[in-house]
Amino acid sequence: MLKKLRYLFALTICMLLLTACGKDDSKEQETDKNSGGNTDGKKFVVEDIFEGYSKEDNIITTVYGTVEMKDIREALTVLRSDMAVTSSSVTSSVNSMLSNAGEKEMTGEFFEKWCKNVNINNEEELRKYVEDVLNMINSYNASWSNITKCFTLKDYNKDAYDDIVAENDKYYESMVSMYGYESLEAYCKANNISLESFRSQVYNVEGEILDKIINIYIVKEAGIEINDEKMNEIIYNVAFQYGYGDKNIEEVKEAMGASDEEWQVTAVNYLTMKWLEENVKVVDDIEHDGVEIDQVSGPQSGDTVAEFTIKDYGTVKVRLFPGLAPKAVENFITHAKDGYYDGLSFHRVIDNFMIQGGDPKGDGTGGESIWKEPFEDEFSVQLAPVRGALCMANSGEDTNGSQFFIVQCTDHNETIVSDWSEIGMPQKLVDYYKGNGGYPSLFKVHTVFGQVYEGMEVIDAIAKTDTDDNDKPKTDVIIEKIEIKTY
């Protein structure tokens with residue numbers, strides 16, 4: 001149960017979505033009469049967890065480590081570029097609630113049974129509640145990759161780091177023991193992976209500590225005060241998620257086996273989410289200022305274009321968008337002019353998805369940028385992975401090198417049409433997707449930096465080629481050259 005508390009922040013939100021039994025953040029509600037505990041308004045939590053704090057220097061020392069949060073404000077602004085909450089995502093979450101409740105529609109019985117604890121009485125209130133929860137999830141998850149660059153627990157408190165690794169190892173060792181393994185090492189050996197690899201795949205100590213420190217920072221910076229009464233409300237809310245809604249606070253603490261410190265961290269996490277939801281605008285607002293592009297209109301006089309000559313197939317012409325994806329375009333143009341792509345193949349081809357190339361190794365594991373290191377993603381709602389989009393291939397966030405792909409998918413989803421309209425995608429782009437297809441799940445995952453305006457029939461022909469089990473064409477599809485021209 002202690003493990004659950006450690007990840008209670010994420011678990012609580014997931015449970016909210018699945019059961020709708022959480023506390024309504026948007027409403028003031030009295031502590032349940034059975035919740036117990038003191039209600040004298042005593043402040044604690046932040047002071048208990050902080051060992052030192054210097055707002056001027058942004059230096060934080062906590063029981064979990066010490067860190068200079070010099071990029072915190074910049075990281076918080078990144079929250080604005082997270083995925084927008086759309087009507088379809090709300091509907092999907094509400095439908096999940098109904099399904100878990102064994103209901104087919106939102107009846108009075110459903111609200112009475114599942115929503116009483118969060119003071120939700122009708123469909124409109126439920127949808128608003130779910131939307132708020134989704135916004136909070138998006139807000140919280142958006143910034144970590146940007147903040148982690150300025151924090152490594154090992155550098156500040158190796159003892160704390162080692163303690164948490166050992167605690168995690170102990171937990172997962174108990175898990176694998178149920179499958180007959182005497183230790184984590186034995187499990188890893190049987191599955192041909194290293195212990196370090198297992199740790200990195202299953203849990204992230206840095207992220208775990210970072211979550212706590214960032215939340216504490218936000219609570220401190222935002223001036224959020226936590227007292228016993230608020231703490232009891234939060235504990236009762238969490239208890240309800242785990243089926244302890246009929247117990248008072250002290251009974252809940254005992255039943256869940258959580259220490260006072262763990263409950264305090266839970267309270268900080270909970271109120272951080274509330275603060276983020278109230279103070280961070282979660283919308284797609286990532287257009288580059290002063291640049292307006294019509295992705296599918298074709299090139300205009302003076303535009304930069306790329307002409308692919310593909311052996312045995314023909315020519316494909318692509319308009320590039322340096323105003324919206326300057327680094328991706330610069331990287332591609334420089335490589336093309338230097339002949340980097342000449343003679344390389346489209347090493348990965350999946351019909352009704354995309355064709356991928358730009359790897360000197362020809363197996364998807366090679367290639368580098370013109371800067372000899374990965375470069376960052378560049379996203380805009382004005383550019384989307386519609387059919388014909390030229391995109392950067394990557395192995396995760398901000399890992400762009402030399403590889404690229406062209407979207408070939410002809411399918412489309414009606415739900416995406418409405419979703420893209422909601423987040424401000426240009427109508428012409430929405431209409432194009434509806435009529436021609438694309439692959440929306442790539443949006444804001446892969447940088448779009450060009451659009452095919454001539455030669456999609458060539459792309460379609462390549463997509464039909466025979467491939468092996470690794471999606472590699474059985475007959476090489478060779479890029480003879482890529483020429484950069486002015487239209």
Side-chain angles (χ1 to χ4, degrees), residues 1-12 44-54 57-72 75 140-141 143-220 238 253 256-270 272 396-397:
M1 192 61 69
L2 293 180
K3 178 67 178 179
K4 287 184 179 179
L5 263 294
R6 193 179 325 117
Y7 293 112
L8 202 49
F9 175 52
L11 288 173
T12 300
F44 55 92
V45 183
V46 174
E47 287 73 12
D48 292 346
I49 298 174
F50 268 101
E51 294 181 352
Y53 172 73
S54 170
D57 300 322
N58 285 330
I59 301 295
I60 298 174
T61 303
T62 77
V63 296
Y64 307 109
T66 304
V67 61
E68 179 182 2
M69 299 304 301
K70 56 188 176 182
D71 295 327
I72 181 68
Y140 189 85
N141 289 339
S143 63
W144 298 152
S145 61
N146 295 275
I147 300 175
T148 52
K149 296 174 183 176
C150 62
F151 173 67
T152 304
L153 180 61
K154 286 181 181 178
D155 296 339
Y156 293 98
N157 192 333
K158 189 175 185 303
D159 289 340
Y161 181 91
D162 290 342
D163 286 346
I164 294 164
V165 168
E167 185 178 351
N168 278 316
D169 281 354
K170 183 177 180 181
Y171 172 80
Y172 284 104
E173 191 163 272
S174 68
M175 297 292 289
V176 300
S177 67
M178 292 188 296
Y179 297 95
Y181 297 101
E182 61 182 17
S183 65
L184 272 184
E185 289 82 355
Y187 172 84
C188 292
K189 183 177 180 180
N191 288 274
N192 197 30
I193 58 175
S194 68
L195 182 58
E196 285 303 313
S197 177
F198 173 86
R199 287 169 174 161
S200 66
Q201 291 176 35
V202 177
Y203 55 84
N204 179 355
V205 176
E206 302 293 354
E208 180 182 330
I209 299 306
L210 188 62
D211 284 357
K212 295 173 181 176
I213 290 182
I214 295 303
N215 286 352
I216 294 167
Y217 181 94
I218 292 175
V219 168
K220 192 79 171 182
V238 172
K253 288 182 177 180
M256 298 189 72
S259 66
D260 286 341
E261 182 183 275
E262 287 171 314
W263 281 119
Q264 291 169 11
V265 172
T266 299
V268 172
N269 291 344
Y270 186 94
T272 299
E397 185 177 11

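Index from 1, following the sequence.
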Quiz prompt | Residues in ring pair (Phe, Tyr, Trp, His ring centres under 6.0 Å) contact with Tyr187, at least two apart in sequence or another chain | solution =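 For Tyr187 the ring pair (Phe, Tyr, Trp, His ring centres under 6.0 Å) partners, ignoring immediate neighbours, are Tyr181, Phe198.
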Self-check item: Test side chain to side chain contact (heavy atoms under 4.5 Å, CB included) applied to Ala186 - qualifying residues, sequence neighbours left out
Solution: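 Partners of Ala186 under the side chain to side chain contact (heavy atoms under 4.5 Å, CB included) test: Glu182, Ser183.
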Quiz item: If you look at every heavy atom in Cys188 and Ser194, which pair is closest and at what distance?
Solution: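 Distance-wise, the nearest heavy atoms are SG-O, 4.0 Å.
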Quiz prompt | Minimum heavy-atom distance Leu184-Glu173, with the two atoms named | solution =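 For Leu184 versus Glu173, the nearest heavy atoms are N-OE1, 3.3 Å.
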Quiz item: Residues in salt bridge (Lys or Arg N to Asp or Glu O under 4.0 Å) with Asp162, at least two apart?
Solution: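 For Asp162 the salt bridge (Lys or Arg N to Asp or Glu O under 4.0 Å) partners, ignoring immediate neighbours, are Lys158.
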Quiz item: Residues in side-chain hydrogen bond (donor to acceptor under 3.5 Å, both in side chains) with Ser197, at least two apart?
Solution: Gln201
Exercise. Not counting sequence neighbours, list each pair that qualifies as a salt bridge (charged side-chain N to carboxylate O under 4.0 Å, His left out) and has a residue in residues 188-199.
Key: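 Residue pairs with at least one partner in residues 188-199: Asp169-Arg199, Glu196-Arg199.
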